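Report on the structure given below.
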Amino acid sequence: MRTADLTGLPTGIPEALHDEGIEELYPPQAEAVEAGLTDGESLVAAVPTASGKTLIAELAMLSSVARGGKALYIVPLRALASEKKAEFERWEEYGIDVGVSTGNYESTGEWLSSRDIIVATSEKVDSLVRNNAAWMDQLTCVVSDEVHLVDDRNRGPTLEVTLAKLRRLNPNLQTVALSATVGNADVVADWLDAKLVQSDWRPIDLKMGVHYGNAISFDDGSQREVPVGRGERQTPALVADALDGDDDDDQGSSLVFVNSRRNAESAARRMADVTEQYITGDERGELAELAAEIRDISDTETSEDLAKVVAKGAAFHHAGLASEHRTLVEDAFRDRLIKCICATPTLAAGVNTPSRRVVVRDWQRYDGDYGGMKPLDVLEIHQMMGRAGRPGLDPYGEAVLLAKDADSRDELFERYIWADAEDVHSKLAAEPALRTHLLATIASGFAHTREGLLEFLDQTLYAAQTDDPERLGQVTDRVLDYLEINGFVEFEGDSIQATPVGHTVSRLYLDPMSAAEIIDGLEWSAKHRTEKLRALAGETDEESASEREAEPEPDPTAGFQKASEMVSDDGDGDGSDDGDDELEFETDITYPTPLGLYHLVCRTPDMYQLYLKSGDRETYTELCYEREPEFLGRVPSEYEDVAFEDWLSALKTARLLEDWVGEVDEDRITERYGVGPGDIRGKVETAEWLLGAAERLASELDLEAVYAVREAKKRVEYGVREELLDLAGVRGVGRKRARRLFEAGIETRADLREADKAVVLKALRGRRKTAEKILEKAGRQDYSMENVDESDAPDDAVPDDAGFETAKERANQQASLGDFE
DNA sequence: CCATGGTTATTCTAGACAGCATGTC
DNA sequence: CTAGAATAACCATGG
């Protein structure tokens with residue numbers, strides 16, 4: 001089918017496609033159109049990666065918009081949201097407006113009403129439904145990318161429920177689901193009342209094979225000799241072989257998949273020795289620049305290691321990298337500057353990074369639940385192998401598995417190359433999934449009775465494929481009990497209603513279990529505070545009792561200040577339990593301390609906890625006893641509770657946050673907790689979100705802890721000690737600049753407006769533009785830095801205990817002290 | 001005494017969505 | 001019930 005023959009699209013689009021060089025539709029695309037894609041027909045397309053799925057989505061969305069509708073494109077990853085947005089924006093000149101909505105990217109519901117195509121993550125869509133976004137019922141077309149992810153234990157149910165809700169809200173909704181090739185795409189199609197287009201067709205051939213001995217055997221029967229000398233390894237030989245190329249002089253890039261971060265990094269180090277020999281003089285310079293950019297992103301060992309290998313034309317890629325690192329690496333790989341990436345599975349499901357050759361080095365991965373190394377799913381291996389073949393560059397892509405002996409070669413062929421991908425199975429009947437989704441279903445008015453809930457659940461994939469219809473009812477009853485006991489829903493005869501807190505929890509997008517934990521912790525702290533105060537004041541002291549009543553501060557700032565005064569978190573963390581007096585102990589628990597709050601949110605199921613390494617058990621058990629008064633809630637017993645281990649992991653995570661707000665250097669934190677810069681960002685982001693939710697809950701339940709929570713949240717947000725909160729709130733001022741300004745005697749936003757410009761300039765290391773911007777944002781009228789000379793600033797007469805270096809050192813020292821105890 | 005090289009014991013293990021209200025280095 | 005790579009620790013050898 002020719003693109004010129006397409007009908008039902010906005011004017012100019014067929015021509016535009018033609019101009020892009022798309023004259024003829026790929027067979028699966030043509031099949032989709034014939035199935036009624038551009039006439040609003042629902043469709044499941046189960047086709048390989050890079051076989052033109054995006055155009056299928058675009059045809060559906062554009063034709064829907066042409067009919068006056070509005071389309072939604074659901075992505076599984078935030079990174080993909082921006083990628084897709086950029087792609088769809090090329091239709092803007094034809095009057096198509098594109099908007100994105102993810103947790104961290106522009107999100108106002110109103111603004112999206114005017115867009116024709118909206119790109120969002122499944123969680124964000126779910127959240128928008130929960131919050132009754134106005135434009136939800138204007139949708140005429142929804143595209144779900146990577147729909148096979150309904151199989152995912154954690155996030156699959158969200159996608160499943162969200163699709164069911166969208167379809168219920170808009171009965172005539174066109175549903176287009178894009179899937180990798182899976183075993184039972186027909187079941188998915190049945191569920192969505194959609195036609196099925198299934199195909200193995202690829203625009204670029206994919207040769208799959210196994211390397212063993214001195215050659216790769218491919219699935220088409222061909223062989224390619226790739227000798228491996230004695231004592232050498234297979235992977236570098238394969239990478240070098242791809243770079244040597246065939247007859248053409250084009251250098252082929254490689255993507256190497258391994259099963260751990262550490263393996264990715266060490267493999268990259270080895271591959272760098274190979275790629276180094278293939279880079280040209282020009283490239284060497286560009287790579288050096290790229291390495292410098294990488295070092296600039298973060299001052300950590302990970303960043304440094306990455307820069308080193310990048311300078312030689314290789315890279316590693318995993319979730320410990322900062323997102324800026326990842327983007328740089330991905331872009332440079334696409335630009336053919338980086339010749340080889342060694343990656344964990346991040347890259348298999350992430351943004352588009354095609355490669356001439358894909359080497360799947362590890363096909364097993366450690367899995368604690370499984371109790372050892374677990375073979376990866378066929379689907380997962382196929383996703384990795386599907387990255388082989390760069391459109392327009394390669395005649396075909398090569399995907400290679402590695403075998404050490406003839407037996408495992410045969411096994412790999414059997415297990416992965418000849419094998420079909422697994423079926424997808426709904427994971428909706430798991431209790432954690434239903435906990436959150438049933439509450440949301442009740443709270444947003446989709447159902448108000450047990451029967452109503454089951455009727456709604458009947459529209460999910462789970463119902464479509466289960467052979468145990470009882471199961472869902474049983475789990476539903478258990479979950480409803482749980483929600484009732486925790487006060488999130490109320491029964492009135494047959495009718496179930498969400499309580500006000502229940503509504504809030506649903507809208508905050510919290511797992512009800514997280515919310516329950518947070519509420520328990522905060523109420524526990526309130527109760528203990530009252531008890532301690534009573535004990536201190538003596539039970540009959542009426543004056544202090546009435547004072548206590550009057551405690552909640554009407555003025556937030558006053559309470560805020562108060563919280564700051566009460567919290568004593570610097571310096572005495574490790575050493576001061578020599579217990580000066582009881583009073584200090586009392587003040588410690590009077591308001592929840594930051595550590596207490598961090599631990600509270602870290603032990604919530606919404607926080608992904610750090611892993612305990614050898615030695616950590618002792619370190620954190622000790623810390624657990626040292627800081628016991630700060631924890632909100634009963635501390636599990638070291639000897640009796642199985643939950644103790646989890647408690648310690650949460651403590652480790654909470655400690656990381658405490659270091660972060662104690663202004664401990666990034667590289668120090670990564671070193672101390674064995675994480676990458678990306679992990680710090682991730683933990684901080686999650687903590688920010690959960691503390692924000694905790695703040696809302698506290699204010700709704702009228703708990704004084706709001707002020708302490710708000711401060712703890714602000715500190716996590718800026719990564720600063722309490723004295724810098726005011727400064728760090730100024731746009732353009734982060735943890736580093738705030739500390740420098742503070743050191744120079746500029747301690748508040750107000751100081752910034754009054755201060756000697758020379759001092760400001762000096763504190764900001766002579767960056768005039770930065771200084772001007774900061775002064776302007778701080779509300780200073782005369783912010784110009786013209787004719788200001790930083791050398792006019794008086795020489796450092798800074799009191800040393802407030803000095804940046806001193807504070808930093810103290811923080812770092814504190815950190816290392818804890819290490820050795 | 002130390003550098004080097006080889007062998008054995010120990011360690012360690014993927015990923016990443018969400019509120020709200022505005023802005024990091 | 002199940003692994004395997006990287007690294008640390010250890011030991012032997014030779015200068």
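Just so you know, these numbers use all the heavy atoms, side chains as well, and skip hydrogens, waters and symmetry mates. Just so it is clear, the model here is predicted, and its values are computed rather than measured. In what follows, every chain begins at residue 1, and chains take the letters A, B, ... in the order their sequences are listed.
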Determine the contact category for [X]: base if any of its heavy atoms lies under 4.0 Å from a base atom, sugar-phosphate if only primed atoms, P, OP1 or OP2 are that close, otherwise nothing.
{"X": "A:Arg270", "value": "sugar-phosphate"}
{"X": "A:Val730", "value": "sugar-phosphate"}
{"X": "A:Ser122", "value": "nothing"}
{"X": "A:Asn259", "value": "sugar-phosphate"}
{"X": "A:Arg326", "value": "sugar-phosphate"}
{"X": "A:Glu685", "value": "nothing"}
{"X": "A:Arg681", "value": "nothing"}
{"X": "A:Val258", "value": "nothing"}
{"X": "A:Gly692", "value": "base"}
{"X": "A:Gly732", "value": "sugar-phosphate"}
{"X": "A:Arg767", "value": "nothing"}
{"X": "A:Lys374", "value": "nothing"}

Side chain of [X] only, please: which of [options] is the nearest?
{"X": "A:Ser614", "options": "B:dA18, B:dA14, B:dT11", "value": "B:dT11"}
{"X": "A:Thr121", "options": "B:dC17, B:dC20, B:dG15", "value": "B:dC17"}
{"X": "A:Tyr611", "options": "B:dC17, B:dT24, B:dT13", "value": "B:dT13"}
{"X": "A:Thr102", "options": "B:dC20, B:dA16, B:dA18", "value": "B:dA18"}
{"X": "A:Asp606", "options": "B:dA18, B:dG19, B:dT24", "value": "B:dA18"}
{"X": "A:Ser260", "options": "B:dC20, B:dA14, B:dG23", "value": "B:dA14"}
{"X": "A:Glu380", "options": "B:dT24, B:dA14, B:dG15", "value": "B:dA14"}
{"X": "A:Tyr366", "options": "B:dA18, B:dT13, B:dA16", "value": "B:dT13"}

**Report entry** A:Gly674 vs A:Ala693, nearer the 5' end of DNA chain B by closest nucleotide
**Finding:**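 Result: A:Gly674.
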Query - Nearest-Å distance once atom P is located in both C:dC1 and B:dA14 - result: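 About 24 Å, rounded to a whole number of Å.
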So, is [X] close to the [N] phosphate, meaning a side-chain N or O under 4.0 Å from OP1 or OP2?
{"X": "A:Arg78", "N": "B:dA18", "value": "yes"}
{"X": "A:Lys124", "N": "B:dG19", "value": "yes"}
{"X": "A:Arg130", "N": "B:dA18", "value": "no"}

Just checking [X]: does its [atom1] atom have more than 12 heavy atoms from other residues, nucleotides or ligands closer to it than 6.0 angstrom?
{"X": "A:Arg767", "atom1": "CZ", "answer": "no"}
{"X": "A:Asn352", "atom1": "CG", "answer": "yes"}
{"X": "A:Gln364", "atom1": "CD", "answer": "yes"}

Starting at [atom1] of [X] and ending at [atom2] of [N], how long is that distance when rounded to a whole Å?
{"X": "A:Glu688", "N": "B:dA16", "atom1": "CD", "atom2": "P", "answer": "18 Å"}
{"X": "A:Asp152", "N": "B:dG15", "atom1": "CG", "atom2": "C1'", "answer": "9 Å"}
{"X": "A:Asn154", "N": "B:dA14", "atom1": "CG", "atom2": "C1'", "answer": "12 Å"}
{"X": "A:Trp111", "N": "B:dT22", "atom1": "CH2", "atom2": "P", "answer": "17 Å"}
{"X": "A:Lys613", "N": "B:dC12", "atom1": "NZ", "atom2": "P", "answer": "7 Å"}
{"X": "A:Ile518", "N": "B:dG19", "atom1": "CD1", "atom2": "C1'", "answer": "12 Å"}
{"X": "A:Asn104", "N": "B:dG23", "atom1": "CG", "atom2": "C1'", "answer": "13 Å"}
{"X": "A:Asp296", "N": "B:dT24", "atom1": "CG", "atom2": "P", "answer": "20 Å"}

**Report entry** Test log, rule side chain to side chain donor-acceptor pair (under 3.5 Å), inputs A:Tyr673 and A:Asp679
**Finding:** CA-CA 10 Å; A:Tyr673 298 92; A:Asp679 299 296; over 6 Å; no
Query - Cation-pi geometry met for A:Arg780 and A:Tyr783 (6.0 Å, 45°) - result: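 The answer is no; the distance or angle limit is not met.
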When you compare the side chains of [X] and [Y], does any donor N or O come within less than 3.5 Å of an acceptor on the partner?
{"X": "A:Ser298", "Y": "A:His325", "answer": "no"}
{"X": "A:Asp145", "Y": "A:Tyr73", "answer": "yes"}
{"X": "A:Glu700", "Y": "A:Thr504", "answer": "yes"}
{"X": "A:Thr670", "Y": "A:Asp667", "answer": "no"}

Query raised in the report: chain A on DNA chain C: first and last contacting nucleotide, 5' to 3', under 4.0 Å to a heavy atom?
Result: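 It runs C:dT2 to C:dT7.
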Report task. Identify all stems in which DNA chain B takes part, counting only runs of at least 3 consecutive pairs (Watson-Crick or G-U wobble, each distance under 3.5 Å), and give each as one range with another, ordered by first number. Result ->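 So the stems come out as B:1-13 with C:3-15.
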Query - A:Trp689 aromatic ring stacked with six-membered ring of B:dA18, 5.5 Å and 30° - result: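 According to the criterion (under 5.5 Å, under 30°), yes, A:Trp689 stacks.
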Report task. Mark yes or no for whether A:Glu304, through its side chain, and A:Arg295, through its backbone, hold a donor-acceptor pair below 3.5 Å. Result ->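 Not a single qualifying donor-acceptor pair exists.
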Requested in this report: Would you name the heavy atoms of A:Arg603 and A:Glu517 that are closest together and state the gap between them?
Outcome: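 Between these two residues, the closest heavy atoms are NE-OE2, 2.7 Å.
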Report task. Please step through side chain to side chain donor-acceptor pair (under 3.5 Å) for the pair A:Ser426 and A:Glu160, ending with a clear verdict. Result -> CA-CA 8 Å; A:Ser426 164; A:Glu160 188 177 340; 2.8 Å; yes
**Report entry** Residue closer to the 5' end of DNA chain C, A:Gly371 versus A:Lys404 (nearest nucleotide)
**Finding:**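 Taking each residue's closest nucleotide, the earlier one in sequence belongs to A:Gly371.
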Query raised in the report: Going through the distances and angles, do A:Ile118 and A:Val100 end up as a side chain to side chain contact (heavy atoms under 4.5 Å, CB included)?
Result: CA-CA 6 Å; A:Ile118 294 156; A:Val100 191; over 6 Å; no
